[in-house]
Protein chains: 2
Amino acid sequence: MLSKKTKYGLKALTYLARAKGKEPVQIAEIAKHENISQKFLESILLTLRRNGFLGSKKGKGGGYYLIKDPADIPMTTVMRVLEGPIAMVPCVSLNFYEKCDDCPDEDTCSVHKLMLQIRDSALDVYRNNTLADIL
Amino acid sequence: MLSKKTKYGLKALTYLARAKGKEPVQIAEIAKHENISQKFLESILLTLRRNGFLGSKKGKGGGYYLIKDPADIPMTTVMRVLEGPIAMVPCVSLNFYEKCDDCPDEDTCSVHKLMLQIRDSALDVYRNNTLADIL
DNA sequence: TATTACCCTATAGTTTTAGTAGATTATCGA
DNA sequence: TCGATAATCTACTAAAACTATAGGGTAATA
């Protein structure tokens, strides 16, 4: 399941991408248009800013705005920040690798074998989609 | 994240597939070999039996065994029973479709667009892998 | 001084991952 | 046939983790 955090984050990025070039957009406006709990969205936008996707401005006329061009934001990085590892099992994760404590040998593990394919297929999609592509 | 339920279920199926043609295998044996909590595994095997993957025999010499040939067990059905919908969002699910209450129009939804591709790529993998393939 | 992002905390709800206790059923030996 | 034993089956409970959201106050800026 995709968490609402990721869903809302993606929607917010999309919203900001469509408002590209204009003034900063306020949290309240995004929350209203996308039917998102404002407080929840607040924390999501914060993590997006901290991870280099967004810039912000305080005070009147303030808000959030995209830092980079939508075409330069691959879904891989967005998903890793919002949803976490792309792999469904740590033992097949590129960026968050961890050995399974119950599994003695990855090479003969059926779960490993299957999840490796799932990871690759997901990576393939995320790598071939930037924010601009899903607008 | 893949739930432990699914992970253990897959491992159990693998174990039983390798013991194919022999006597029923006891829960305790599988649990021991795969480092799984026996009681947890018990409930997992039960749902696998109820969904037509396994047969069981009580009493001495009893246990679980595969009903079908591993080559006739596609991962799609296994994953749906153990993990639930393959889609990460209900609005792109084939078997568990549900409309998002926050999203007014699926056709213009960026999340929908992306998750549709993810679903298809995952389906592609699961459809091309039977239990026999991941042994 | 009003407006807006920022930050910290708490919490209800749900899901996951089991553990406990016992009932039920089949086999086997006496 | 009877009872001991071995195994699955069932239901209830519970701890832990995670999710989604709310509240209230602080800091910066026009």
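Reminder, nothing fancy here: chain letters follow the sequence lines and each chain counts from 1. Predicted model, so just to flag it, every value in this text is computed and none were measured.
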List the residues meeting salt bridge (charged side-chain N to carboxylate O under 4.0 Å, His left out) with B:Lys5, not counting sequence neighbours, and say none if there are none.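 For B:Lys5, no residue satisfies salt bridge (charged side-chain N to carboxylate O under 4.0 Å, His left out) once neighbours in sequence are set aside.
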Tell me which residues in residues 49-57 of chain A put a heavy atom below 4.0 Å from DNA chain C, sorted by number, or none.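 Under 4.0 Å from DNA chain C: A:Arg49, A:Arg50, A:Ser56, A:Lys57.
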Quick one, which residues of residues 82-105 of chain A touch DNA chain C with a heavy atom under 4.0 Å?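 Nothing qualifies; none.
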Does one side chain, of A:Ser121 or A:Asp124, offer a donor that lies under 3.5 Å from an acceptor on the other?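 No donor-acceptor contact under 3.5 Å links the two side chains.
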Can you get from B:Leu135 to A:Leu114 by hopping between Ile, Leu, Val, Met, Phe, Trp and Tyr side chains that sit under 4.5 Å apart?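 Each belongs to a different hydrophobic cluster.
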How long is the span from the OG atom in B:Ser93 to the CZ atom in B:Arg119, to the nearest 0.5 Å?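 One gets 8.0 Å once the value is rounded to the nearest 0.5 Å.
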If you round to the nearest 0.5 Å, how far is CD of A:Gln117 from CE of B:Met75?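 Spacing of CE (B:Met75) from CD (A:Gln117) equals 10.5 Å.
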With DNA chain D as reference, determine whether B:Leu45 or A:Ile36 sits nearer its 5' end, using the nearest nucleotide of each.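 Its nearest nucleotide being more 5', the pick is B:Leu45.
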In whole Å, what is the span from the OH atom of B:Tyr64 to the C1' atom of C:dT25?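 Answer to the nearest Å: 13 Å.
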According to side-chain contact (heavy atoms from CB on, under 4.5 Å), who are the partners of [X], at least two apart in sequence or on a separate chain?
{"X": "B:Ile67", "result": "none"}
{"X": "A:Ala28", "result": "A:Gln38"}
{"X": "A:Asp72", "result": "A:Asp69"}

Could you encode protein contacts along nucleotides 15-22 of chain C as a string, one character per nucleotide from 5' to 3', using B for base contact, S for sugar-phosphate-only contact and - for no contact, with a heavy-atom cut-off of under 4.0 Å? --SSSBBB
Give the table of side-chain donor-acceptor pairs shorter than 3.5 Å for residues 10-17 of chain A, with sequence neighbours excluded, one pair per line with atom names and distance.
| residue | atom | partner | partner atom | Å |
| --- | --- | --- | --- | --- |
| A:Lys11 | NZ | B:Asp102 | OD2 | 3.2 |
| A:Thr14 | OG1 | A:Leu10 | O | 2.8 |
| A:Thr14 | OG1 | B:Ser110 | OG | 2.7 |
| A:Tyr15 | OH | A:Glu29 | OE2 | 2.6 |
| A:Tyr15 | OH | A:His33 | ND1 | 3.4 |

Can you list, pair by pair, the side-chain donor-acceptor contacts under 3.5 Å of residues 52-61 of chain A, counting residues two or more places apart and other chains?
none

For nucleotides 1-3 of chain C, which of its nitrogen or oxygen atoms have a protein nitrogen or oxygen under 3.5 Å away, and what is each distance?
none

Give every residue pair that meets the ring-ring contact (aromatic ring centres under 6.0 Å, His included) criterion with at least one member in residues 83-121 of chain A, sequence neighbours excluded.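 Listed by first then second residue: nothing to list.
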Summary of side-chain hydrogen bond (donor to acceptor under 3.5 Å, both in side chains) pairs that have at least one residue in residues 74-92 of chain B, sequence neighbours excluded: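 Sorted result for residues 74-92 of chain B: B:Ser3-B:Glu83, B:Thr6-B:Glu83.
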